[in-house]
2 protein chains.
Amino acid sequence: MAKRVSHKDSLCGVARPLDAIGDWWSLLIVRDAFDGLRRFGEFQKSLGLAKNILSARLRNLVAHGILDTVPASDGSPYQEYVLTQKGLGLFPLLVALRQWGEDFFFQPDEPHVMLVDRKTNQPVRRLELRAQDGRMLMAEDTVVVAPPESGSR
Amino acid sequence: MAKRVSHKDSLCGVARPLDAIGDWWSLLIVRDAFDGLRRFGEFQKSLGLAKNILSARLRNLVAHGILDTVPASDGSPYQEYVLTQKGLGLFPLLVALRQWGEDFFFQPDEPHVMLVDRKTNQPVRRLELRAQDGRMLMAEDTVVVAPPESGSR
DNA sequence: AAATCATGGTTTCAAATTAAAACCACATAT
DNA sequence: ATATGTGGTTTTAATTTGAAACCATGATTT
């Protein structure tokens, strides 16, 4: 189950999160969790994946602290799966994924679901990466830099 | 190779992009491409994945229009893999992933690579989702809504 | 009380995918 | 002529997946 996603023994800042999420199914589960789904059966119906796989994915997400199990809210003797803070932290990633999807996977006139501001019912703005001083940054305007070498080596 | 990621025949706005990317390896390839890698061998050395898998992933990314192959820039008789516009569009997603990783996968004092503004060498700002009017939005402040039913049914 | 049903899983097993290694083709260098 | 580097493909075994069957628990019907 602990599939190594990189040959380096310490996973980098991108690979480490990927490793925790596990796979695409897991991300769809998380998305459904953002949509308010909490029960095993709800996820299964929504995603249509095999129960054993769902079971494994939920277990993995819980193990990685993305979901947490809580004793059912409605008296039923089962448990529910809810997003932790860590899980909630995936929101921007899901938005990024959705916006990319809107940009490149739909015809300009093709109808698709939209993420809207609850208060105004307006679609949300696009995610934008900005510098400290507020300038918008494209990919070419950035570099990944190594952490400053600590003194001991 | 066309693995169905959802039981619904039309994939939703999140599942469709996931389906195109393919798997985690592909996303790491894309990240390396953002870092300037272009050659088969570079990707293989950087990621340490089996050559047949890399081959398949590259092919898939090209098939989905995320990478494009161009005749080698340096005279060598090989080809190079470069990001298309669609591929470049994945930048925010990678940033989101990286920031989530920084938030939850490193000790507060653990050193890690950083994404910085080329011009100032300052770390970039956090991605923030905002409403049209500029208010910052948390997950709970948003909903996903279905497209307006077109008249014909 | 007994039988039935709903939920939330686990187990079993066949099929698909992945990974490691060997192999190959082409070009350049020695 | 031989070796070496690049960019793959093929072969084969191991792992993962997914469908279906099974099971346990509690609630519901008869």
Side-chain angles (χ1 to χ4, degrees), chain A residues 1-9 11 15 18-29 32-33 36-64 67-82, chain B residues 1-9 11 15 18-29 32-33 36-64 67-82:
Chain A
M1 171 151 290
K3 177 167 48 179
R4 208 58 313 162
V5 84
S6 165
H7 63 132
K8 316 255 176 64
D9 39 340
L11 270 48
L18 286 179
D19 192 52
I21 297 174
D23 73 347
W24 288 157
W25 281 124
S26 302
L27 205 51
L28 290 174
I29 292 170
D32 276 357
L37 271 54
R38 309 167 67 103
R39 298 286 282 256
F40 187 96
E42 291 181 312
F43 292 116
Q44 214 236 319
K45 185 146 61 110
S46 162
L47 299 172
L49 83 177
K51 296 205 290 178
N52 53 348
I53 304 297
L54 176 56
S55 184
R57 293 302 173 272
L58 287 172
R59 204 170 326 138
N60 186 73
L61 288 170
V62 169
H64 280 89
L67 293 181
D68 201 2
T69 52
V70 302
S73 55
D74 67 338
S76 61
Y78 304 114
Q79 54 184 352
E80 301 186 344
Y81 299 89
V82 299
Chain B
M1 170 150 290
K3 179 168 47 180
R4 205 64 308 164
V5 86
S6 165
H7 64 282
K8 315 256 176 65
D9 38 342
L11 271 48
L18 286 179
D19 193 52
I21 297 173
D23 72 349
W24 287 156
W25 281 123
S26 302
L27 205 51
L28 290 174
I29 292 170
D32 277 357
L37 272 53
R38 309 166 66 99
R39 298 286 282 255
F40 187 96
E42 292 180 312
F43 292 117
Q44 214 237 320
K45 185 146 60 111
S46 162
L47 298 173
L49 82 177
K51 296 205 289 176
N52 51 351
I53 303 297
L54 176 57
S55 183
R57 292 302 171 272
L58 287 172
R59 209 175 352 213
N60 185 242
L61 287 169
V62 169
H64 280 90
L67 293 180
D68 202 1
T69 52
V70 303
S73 54
D74 69 337
S76 62
Y78 305 114
Q79 53 184 355
E80 300 185 344
Y81 299 89
V82 300

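Values below: all heavy atoms of this structure, side chains included; hydrogens, waters and symmetry mates excluded. Here is how names work: the chains are called A, B, and so on, in the same order as the sequence lines, proteins then strands, and each is numbered from 1.
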Please report, rounded to the nearest Å, how far the [atom2] atom of [N] is from the [atom1] atom of [X].
X     : N      : atom1 : atom2 : answer
A:E42 : C:dG9  : CD    : C1'   : 16 Å
A:R57 : C:dG8  : CZ    : P     : 19 Å
B:L47 : C:dA19 : CG    : C1'   : 15 Å
A:I53 : D:dT15 : CD1   : P     : 17 Å
A:L37 : C:dG8  : CG    : C1'   : 15 Å
B:L54 : D:dG7  : CG    : P     : 10 Å
B:D23 : C:dT18 : CG    : C1'   : 10 Å
B:Q44 : C:dA20 : CD    : C1'   : 11 Å

*asked:* At 4.0 Å (heavy atoms only), tell me whether A:Y81 reaches a base, stays on the sugar-phosphate, or touches nothing.
replied: sugar-phosphate
Heavy-atom distance under 4.5 Å between the side chains of [X] and [Y], does that happen here?
X     : Y     : value
A:S76 : A:R39 : yes
A:E42 : A:D32 : no
B:I29 : B:L67 : yes

Closest to the side chain of B:N52, out of C:dT7, D:dA19, C:dA21, is C:dA21
Side-chain atoms of B:F40 come closest, of C:dT7, D:dA19, D:dG8, to D:dG8
It should be established whether [X] places a side-chain nitrogen or oxygen under 4.0 Å from OP1 or OP2 of nucleotide [N].
X     : N      : result
A:W25 : D:dT17 : no
B:R39 : D:dT6  : no
B:S55 : D:dT9  : yes
B:R59 : D:dT9  : yes

Quiz item: Is it the case that A:S55 and A:N52 place a side-chain donor and acceptor less than 3.5 Å from each other?
Solution: no
The single option from A:L28, A:L54, A:L49 that satisfies side-chain contact (heavy atoms from CB on, under 4.5 Å) with A:F43 is A:L54
With sugar-phosphate taken as primed atoms, P, OP1 and OP2 and all else as base, the protein-contact string of nucleotides 22-30 of chain C at under 4.0 Å (heavy atoms; B, S, -) is -----S---
**Asked** Does A:R38 pair with A:D74 as a salt bridge, N-O distance under 4.0 Å?
**Response** no
TODO: For B:S26 and B:I21, indicate whether the former's side chain and the latter's backbone hold a donor-acceptor pair under 3.5 Å.
DONE: yes
